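Heads up: the structure comes next, in C-alpha cells.
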Amino acid sequence: SAAHGNVNVDSAAASQSVAGGFVGFNFGIVRSSSATGNVTGGNLNSGFSTIIGGFAGINSGGAQIINSTASDAVTGGNNSETGGFAGTNNGLIDASHALGAVSSQSLAGGFVALNDGTITNSTATGAVTGNGFNTGGFVGENLAGGTISSSTASGNVTATTTNAVG
C-alpha cells in the first residue's frame, strides 16, 4: 500500500494533533507500505500537543509496522514530537526506513522522536535539526521500555540548544 501527498496539521485549530504520512494512529499491523510527501505541524503554546511522523504519528503498544518507508521531510514546530518515521513508538517497527530530513522546535529523531517500544533492522538517512531538547540522529528520546537493535542513522545532527544531542 502507498500514500502520496503532503500532510499539514493546523495545530492552531486543535488542542492536540497526531498525524503521519501513511497513518495517524496505528493500532494494527502495517506491512510493505510507503508514504511520500512532507508532513508538517506544531506550534501550540503548551505541552507536547502535536505528534507527527513521516509514516505514522503514533505506533501504539501491540501494533506493528514492518518493511515500510517514509520518504520525505518532517517538520515540527513548538511543542511537538517529530520523527522521520514515527512521532511516538510504543509497538514494534521492523525493517523500515526514514529517508527525509527532520526538523523540530522540540523533540526530534531521525527515525522516531519518542521510543518506548521495539525498533529493529531499521535506518534513518536524513539530516536532523533540533531547536528544543533531545535531538537524535535515530531516536530523540529512548525511554526505559524502549529497545533498539540492528539499526543505523547516517544523517548529520544539528542542535541549537545545550540539551541532549546524539
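Just so it is clear, the values below take in all heavy atoms, side chains as well, and ignore hydrogens, waters and symmetry mates. The structure displayed is predicted, hence computed values, not measured ones.
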Side-chain ([X]) to main-chain ([Y]) donor-acceptor, under 3.5 angstrom:
| X | Y | value |
| --- | --- | --- |
| N59 | L92 | yes |
| N38 | A73 | yes |
| N134 | G140 | no |

Can you name the closest pair of heavy atoms from [X] and [Y] and give their distance?
| X | Y | answer |
| --- | --- | --- |
| I51 | T88 | CG2-OG1, 3.6 Å |
| I93 | S122 | O-OG, 4.1 Å |
| S68 | R31 | OG-C, 4.1 Å |
| G54 | A35 | O-CB, 3.5 Å |
| N26 | A63 | O-CB, 3.3 Å |
| G110 | A98 | O-CB, 3.5 Å |

So do [Y] and [X] actually touch side chain to side chain, heavy atoms under 4.5 Å?
| X | Y | value |
| --- | --- | --- |
| T135 | V128 | yes |
| F111 | S151 | no |
| S71 | L99 | yes |
| I65 | F22 | no |

(request) May I have the step-by-step check of side-chain contact (heavy atoms from CB on, under 4.5 Å) for S32 and N67, ending in yes or no? (result) CA-CA 5 Å; S32 303; N67 192 33; 3.2 Å; yes

Between the side chains of [X] and [Y], is a donor N or O closer than 3.5 angstrom to an acceptor N or O?
| X | Y | answer |
| --- | --- | --- |
| T123 | H97 | yes |
| T40 | N8 | yes |
| N79 | S106 | no |

When rounded to the nearest 0.5 angstrom, what distance separates [atom1] in [X] from [atom2] in [Y]?
| X | Y | atom1 | atom2 | value |
| --- | --- | --- | --- | --- |
| Q64 | I29 | CD | CD1 | 4.5 Å |
| N89 | E81 | CG | CD | 11.5 Å |
| T129 | N156 | OG1 | CG | 9.0 Å |
| D94 | N121 | CG | CG | 5.0 Å |
| I58 | F27 | CD1 | CZ | 8.0 Å |
| I52 | T82 | CD1 | OG1 | 4.0 Å |

(request) Applying side-chain hydrogen bond (donor to acceptor under 3.5 Å, both in side chains), name anything that partners S60, two or more places apart in sequence or on another chain. (result)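 In terms of side-chain hydrogen bond (donor to acceptor under 3.5 Å, both in side chains), with neighbours along the sequence ignored, S60 is linked to no residue.
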
(message) Using the side chain to side chain contact (heavy atoms under 4.5 Å, CB included) criterion, which residues pair with V139? Sequence neighbours excluded.
(response)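 Expected list: V112, N115, I119, N142, I148.
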
